[in-house]
Asks: 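Below: one structure in structure tokens.
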Protein chains: 2
Amino acid sequence: MNKNKLTLKDVALQLGVSTATISNAFNRPDQLSAARREAILAECEKIGYTGPNKAAQILRKGRSNIVALILADSIAYTVSDPVASTFIKGVSRVLQQQGKHLLLYAGDSESILDVVDFVDGFICYGAPRNPKLAEEVVRQTKPAITVDFNIDGLPSINIDNEKAAYEVASQAIANDDHVAILGLRLIDSPSTCRIYDSPLIEVESSISHRRLDGYIRAIEEKGLIIENDWIWHIPESDRSFAKQAAKEVLHSSPRPNTVLCMSDIIALELLQSALSLGIKVPEELKITGFDGIEEAERTRPNLTTVCQASDKKGEMAATALLESRDKDEILPFEIKRGETF
Amino acid sequence: MNKNKLTLKDVALQLGVSTATISNAFNRPDQLSAARREAILAECEKIGYTGPNKAAQILRKGRSNIVALILADSIAYTVSDPVASTFIKGVSRVLQQQGKHLLLYAGDSESILDVVDFVDGFICYGAPRNPKLAEEVVRQTKPAITVDFNIDGLPSINIDNEKAAYEVASQAIANDDHVAILGLRLIDSPSTCRIYDSPLIEVESSISHRRLDGYIRAIEEKGLIIENDWIWHIPESDRSFAKQAAKEVLHSSPRPNTVLCMSDIIALELLQSALSLGIKVPEELKITGFDGIEEAERTRPNLTTVCQASDKKGEMAATALLESRDKDEILPFEIKRGETF
DNA sequence: CTGTTAGCGCATTCAT
DNA sequence: ATGAATGCGCTAACAG
């Protein structure tokens, strides 16, 4: 038994036909008679040739069937985030169904240059932590699509974050409430803190700032105002950061009775902290979340939140990329009324 | 501006040097003077050549820097499983650090043939749902390693599941207990059920069966016996399946007062079901889990479980693959005593 | 329907 | 330290 892999040429030689015929047997059934094709494939099977070398095909065809999913953060962080992993779920479902492969690409990598040549396209899920990646995606020529943020001329998939935030806040807030906001990545700080007068970061296309806009619109519409020291910045949707923020809010005086949270993870930490302090939810504290993760339905009381169907978003992103759709999509959201107000 | 990508040849021509020199400038710094190299790289930067085409490199060098992680199940299922995603976390950390890329490969795919030619190696995390994949992994020649199961001559990474199960069970069980087991993938059934006399599946290398062995050894050592109708089969570590099983156990008579669960997800569902029925844990019901997921520490009461450091396992798997270590590893585990017994 | 040929873009001898 | 030539394994044109 020969350990050296058979090549198309070897096989052609052995079967006494030309390389093109073997190639066609595998790639273009219409180029030869079914009988001949069957015979050839059977022979190949017998001699242990499993088909044309994929590496060579990639070079030759310029297509690999690999799609890169560029994440906002490291892979490590992303796979343990329920929203992101639900998105990945949707993406992977479509890709697998279409015979495509999924390459996970960290948003804090140096560069996409080492995959751009062999990948078929890019799905960018959230603004990559390393902004250089976004620039590189624009500069290259493979199809690409962004989700939850925008890049120059690329099609994008989003929900209307401003409107969603506005709606959930509107429903939660009463005219005489004292409102606080637990925000996500609002300013450039590695730790949880009130934003005070710190400059907001990447304000243009940041979903957090759209949500902030929506919250503030709702607040002002009730005739209230919110000062910057009642707005917290949380560097990432991580439980321990969130817990810190929750603690600060609940121990600040006067204690807010309505807290708008920019993610369910944050809201759940706040909820748990509040309960363990004996604060009654929603009587003494109303809470809204954002995202609609599964865990938020399981808690008691369950969370009122903005449901965005992340898996659908993933499916849509993959589909849009594969069909090279070119227009932006705004996906619907749904306010899911729970028991936290 | 030329939209056609520059090739090594183009650049060589423009700079008036040979292609080999350009290639060496990028790949083999020792083959030319530092000064010359710098000059060439600078020129390349200026004319917009970002380096040798990776697709061509894959063919030429036979290396892509892509590692395939073959999962037991679909990607969709796997990313939302806390144990698996923790494992991925560990893998990805090492890969990123080594400049390797991660291709997620579903265990229910048809075949690995369409990636085997360009991938640098395989990490197989759990026995793939499609057993053909495991065979294909053996037959091919790229480095490969298995985790949580075994394949023929491949190195593997495991914990001693039998011993871990034995230890946690030993600690939990008292001499006059009535014990039940909530098992995972014990028989070939798509739904939750007691195993009765159904034939056990893939008994040899299945971690579930090793755990079962350990549980039973502990039980018998206490002078007890467990009948097959007190052992449940749960098709996958999924909350709704687990909830069903929990319900069955808690409503069976006589109700067991000790339940050994083969995953934390299962244990957590049981815990929650028990509490909502007003059953006191651990006074009326002792529960053990398996895995040591984060959520199991957060619950009240928190779970007594077998902690296996899945992220370390992932790191170890990636490292072992990249360094082509050839021997099996048995990783340590730790019984984490919580409040559920 | 089949065979011949010319690259895809590069890395690596082997000369110089 | 450098340049010319060879082929990694395949596919798409084209010719027959």
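Excluded from the calculations below are hydrogen atoms, water molecules and symmetry mates; all remaining heavy atoms, backbone and side chain alike, are included. First the proteins, then the strands, lettered A, B, ... as listed; each starts at 1.
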Asks: Quick one: A:Ile58 CD1 to D:dC10 P, roughly how many Å, whole number?
Replies: 12 Å
Asks: Does C:dG9 have OP1 or OP2 under 4.0 Å away from a side-chain N or O of B:Gln57?
Replies: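 Answer no for this pair, as no side-chain N or O of B:Gln57 is under 4.0 Å from OP1 or OP2.
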Asks: Indicate whether OP1 or OP2 belonging to C:dT2 is found under 4.0 Å from a side-chain N or O atom of A:Ser18.
Replies: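 No, A:Ser18 has no side-chain N/O under 4.0 Å of OP1/OP2 on C:dT2.
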Asks: Are A:Glu135 and A:Lys132 within salt-bridge range, i.e. N to O under 4.0 Å?
Replies: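 Here A:Glu135 does not pair with A:Lys132 in a salt bridge, since their nearest N and O are not under 4.0 Å apart.
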Asks: Could you state the atom-to-atom distance from CD of A:Gln31 to P of D:dA15 in whole Å?
Replies: 16 Å
Asks: Starting at CZ of A:Phe118 and ending at C1' of D:dG9, how long is that distance when rounded to a whole Å?
Replies: 18 Å
Asks: Round to the nearest Å and state the distance from B:Arg60 atom CZ to C:dT13 atom P.
Replies: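 Answer to the nearest Å: 8 Å.
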Asks: Look at the side-chain N and O atoms of A:Arg36 and state whether any lies under 4.0 Å from the OP1 or OP2 oxygen of C:dT2.
Replies: yes
Asks: Side chain of B:Leu59, heavy atoms from C-beta onward: which of C:dA11, D:dC8, D:dA13 has the nearest atom to it?
Replies: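 For the B:Leu59 side chain, the nearest candidate turns out to be D:dC8.
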Asks: Could you work out which one of D:dA12, C:dC10, C:dT12 sits closest to the side chain of A:Lys61?
Replies: D:dA12
Asks: B:Asp328 side chain to B:Ser156 main-chain N or O, any donor-acceptor pair under 3.5 Å?
Replies: yes
Asks: Decide yes or no on side-chain contact (heavy atoms from CB on, under 4.5 Å) for A:Arg185 and A:Ser206, but give the supporting numbers first.
Replies: CA-CA 9 Å; A:Arg185 279 181 229 106; A:Ser206 147; over 6 Å; no
Asks: Separation of B:Arg63 atom CZ from D:dC8 atom C1', in whole Å?
Replies: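 Distance, rounded to whole Å: 14 Å.
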Asks: Less than 4.0 angstrom between a side-chain N/O of A:Arg28 and OP1 or OP2 of D:dA12, yes or no?
Replies: yes
Asks: Could you tell me the separation between the CG atom of B:Leu13 and the P atom of C:dG9, rounded to a whole number of Å?
Replies: 15 Å
Asks: Looking at the side chain of B:Asn53, which of D:dG9, C:dC10, C:dT4 is the nearest nucleotide?
Replies: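 Per side-chain heavy atoms of B:Asn53, the pick is C:dC10.
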Asks: Do the side chains of B:Arg63 and B:Asp120 get close enough for a salt bridge, i.e. N-O under 4.0 angstrom?
Replies: no
Asks: Can you tell me the distance, in whole Å, between the CG atom of B:Asn24 and the P atom of D:dT2?
Replies: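 These atoms are roughly 9 Å apart.
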Asks: For the residue pair B:Tyr125 and B:Phe87, does the interplanar ring angle fall in the parallel (under 30°), tilted (30 to 60°) or perpendicular (over 60°) class?
Replies: parallel
Asks: Taking the nucleotide of DNA chain D with the nearest heavy atom to each, does B:Thr21 or A:Thr19 sit closer to the 5' end?
Replies: B:Thr21
Asks: Judged by atom type as modelled, is there a donor-acceptor pair below 3.5 Å linking the side chain of B:Thr78 to the main-chain atoms of B:Ala84?
Replies: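 Judged by distance alone, no pair lies under 3.5 Å.
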Asks: Which whole-number value in Å describes the distance from A:Lys9 NZ to C:dG3 C1'?
Replies: 15 Å
Asks: By nearest heavy atom, map A:Lys54 and B:Leu32 onto DNA chain D; which one lands nearer the 5' end?
Replies: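 The residue whose closest nucleotide sits nearer the 5' end is B:Leu32.
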Asks: When you measure from the side chain of B:Ala56, which nucleotide among C:dG9, D:dG3, D:dA12 comes out closest?
Replies: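 Selected nucleotide: C:dG9.
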Asks: Using a 4.0 Å heavy-atom cut-off, does A:Leu8 contact any base of the nucleic acid, only the sugar-phosphate backbone, or nothing at all?
Replies: base
Asks: Distance check: side-chain N/O of A:Tyr49 vs OP1/OP2 of D:dC10, anything under 4.0 Å?
Replies: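 Yes.
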Asks: Base, sugar-phosphate, or nothing: which does A:Asn27 touch, judged by heavy atoms less than 4.0 Å apart?
Replies: sugar-phosphate
